[in-house]
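This report refers to the structure that appears directly beneath it.
Computed from a predicted model, the values in this text were never measured in an experiment.
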Amino acid sequence: MALQKCVPSGDAPAVNLKHLRISSKVPEKTHPDVENQNPNMDVDVDLGEIYFLIMHFLSGGPCHKTYLQFWNELLEKELLPRRYHAWYSRSGACSGVAHDDGQSFPLGYNKLVERYPHIEKDHLVKLLKQLLLNTASLSPGMSTGKAPNAADVPTLLGSGSFSLLSYDKDKVKEDAKPPPSYMRWPHMKANQVHGLNLREIGGGFPRHHRGPSIRAACYAIAKPSTMVQKMQNIKRVRGHRNAVYCAIFDRSGRYVITGSDDRLVKIWSMETAYSLASCRGHEGDITDLAVSSNNALVASSSNDCVIRVWRLPDGLPISVLRGHTGAVTAIAFSPRPSAVYQLLSSSDDGTCRIWDARHTQSNPRLYVPKPFDSVGRSSGQSSNTMPQSHQIFCCAFNANGTVFVTGSSDNLARVWNACKLSMEDTDQPNHEIDVLSGHENDVNYVQFSGCAVASRFSTTETWKEENVPKFKNSWLNHDNIVTCSRDGSAIIWIPKSRRSHGKSGRWARAYHLKVPSPPMPPQPQRGGPRQRILPTPRGVNMIVWSLDNRFVLAAIMDCRICVWNASDGSLVHSLTGHTESTYVLDVHPFNPRIAMSAGYDGRTIVWDIWEGLPIRIYEISRFKLVDGKFSP
């Protein structure tokens, strides 16, 4: 294809091609070979070559009209490289070639392509890639082999310390301000955990104080694809002789504790994948595991009605807690700093107990629901020997450990006071402070908001400081409750103001989250055989709050993951990817965009809950996945 050069008009300004002078100073960490170069050395760059590379790049791209217009304008203003005469033939007289000034004459684009056949159409891209590699090859995340954060992702458009120009970086160093107190480490009053977590994800959380929106950008949070790109299956360990239904990390992430139907509790090292201890003593299947907030003890419950407490990490037996008359369904240590050894348990006998996990002979605090008469009203006093007609399936503390909530088979959730009010009548059972009714089937999972953050930072006392910014929404407190049931719904409960406390209860139902219908399969054209659609179960297996309390995530019996907006109860996403039921659901400890699910299909999916897309999918062949967690 050939284009005639446009003849410039008489009043067009003359364009003199000047050389661009670029400093050759490079960052000190760029390459060891350039350390001894003179920083004041300059190099001349011919702008004509740059124009030719841009034009050559456009010739292979989709912008064909831009390419033609650019070609015409370069020829008009003679901006392409020129061909210079040999020194002995530079007479200064015109040689007859158009625009020959006796020293040189301009070359056309086709001539330049013939003259430089080694220049490919992506030559400009290769030069920029080489520039990025030379300047960003020693970034912290890339060089140490760790998962990169947002600061490690190279860009041509960076400014300040992220700029590829050395003088921009020097300017930032001169104007740099000291980091805030909670990010100065080491320091006597520094919150090391909070500061390191902020550095890990690349910034702070001021944008999370506004109302939730799935399209609200928070550029301080690293992209999920960047944080999980190095996640892989490291090791597969064998040690149990039966199915493993419980798995949990300790608070430091150095150990993994597993419980199996072979009646054993095992402690594994994350560094070596070796079994450090096999804890024996249970006479039934392991039903739940819990680690104390000071990372000193691990408790295991079983359907033999007994709770056993072991020492971390050597598995030394500490205590054996007996008192339940039914299988122990769930256990949880108190997150309250003054009560780190208080252990909450729920059972099929319809009661809850709070134990001192250090002592076998200690008397637990007994929690029994108030009995109801035929009309459904509470009849007042109850006896701790009265058998209960329902089972308690789950229990959970709030973020500060002052109250806890349970879900039971009588379609009710109950809220209890975890603090001991008085020393009198220690033998009398404690009753619930509120009853949450609204489900039409068993309440099989409950959770307080804010626990995803509090559980990971409960070992430090610096969270009590008022000047430390906490990772939460200012309009969402940490006493909101979410409950789910096999009736296909979940309910968000919010605490009432103190003036409203009374006979009507302390929590009010805010939003009733209904599970939507599954997507319809494609139907054949009219006249063809119709596919019979069978009803699918819509019960909720598990439900959790997102890290920033903006969303509620639920694992549905029909293999979907539903995401609701916690501020208005609207459905945000209905995520599909599993082919069998899902019973594992957890949120990332640092990034509020990331969640993880696993199910009976042997598939683990890492989700971006803001965009509603799967980031990574891991297949574990034929094995069913029944429990899983993110490391702290």
Tell me, yes or no, whether the heavy-atom count around F249 atom CZ, taken from other residues, nucleotides or ligands under 6.0 Å, exceeds 12.
-> yes
So, the side chain of N480 versus the backbone of S449: is there a donor-acceptor pair under 3.5 Å, distance only?
-> no
Is the shortest side-chain N to carboxylate O distance from K629 to D586 below 4.0 Å?
-> no
Would you call D410 and R414 a salt bridge, taking side-chain N to carboxylate O under 4.0 Å as the test?
-> yes
F333 side chain reached by S293 side chain, heavy atoms, under 4.5 Å | no
Where do R280 and S278 land on the side chain to side chain donor-acceptor pair (under 3.5 Å) test, with the steps shown first?
-> CA-CA 6 Å; R280 305 173 185 272; S278 291; 5.1 Å; no
Atom CH2 of W507 and atom CD1 of I494: how far apart are they, to the nearest 0.5 Å?
-> 11.5 Å
Please indicate whether K624 has more than 12 foreign heavy atoms, meaning atoms of other residues, nucleotides or ligands, lying under 6.0 Å from its NZ.
-> no
Where the side chain of N303 meets the backbone of A327, is there a donor-acceptor pair that is under 3.5 Å apart?
-> no
Separation between CZ (R322) and CD1 (I307), nearest 0.5 Å, reads 11.5 Å
Distance flag, aromatic centroids of Y600 and Y583, threshold under 6.0 Å | yes
Y341 and N294: side-chain donor and acceptor closer than 3.5 Å?
-> yes
Please confirm whether the backbone N or O of N565 pairs with a side-chain atom of S570, one donor and one acceptor, at under 3.5 Å?
-> no
Straight-line distance of L321 CG to S345 OG, nearest 0.5 Å = 8.0 Å
Note: R308-D304 ion pair, threshold 4.0 Å (strictly below) = no
Judged by atom type as modelled, is there a donor-acceptor pair below 3.5 Å linking the side chain of S260 to the main-chain atoms of L264?
-> no
At what distance, to the nearest 0.5 angstrom, does CD1 of I561 lie from CG of L575?
-> 7.0 Å
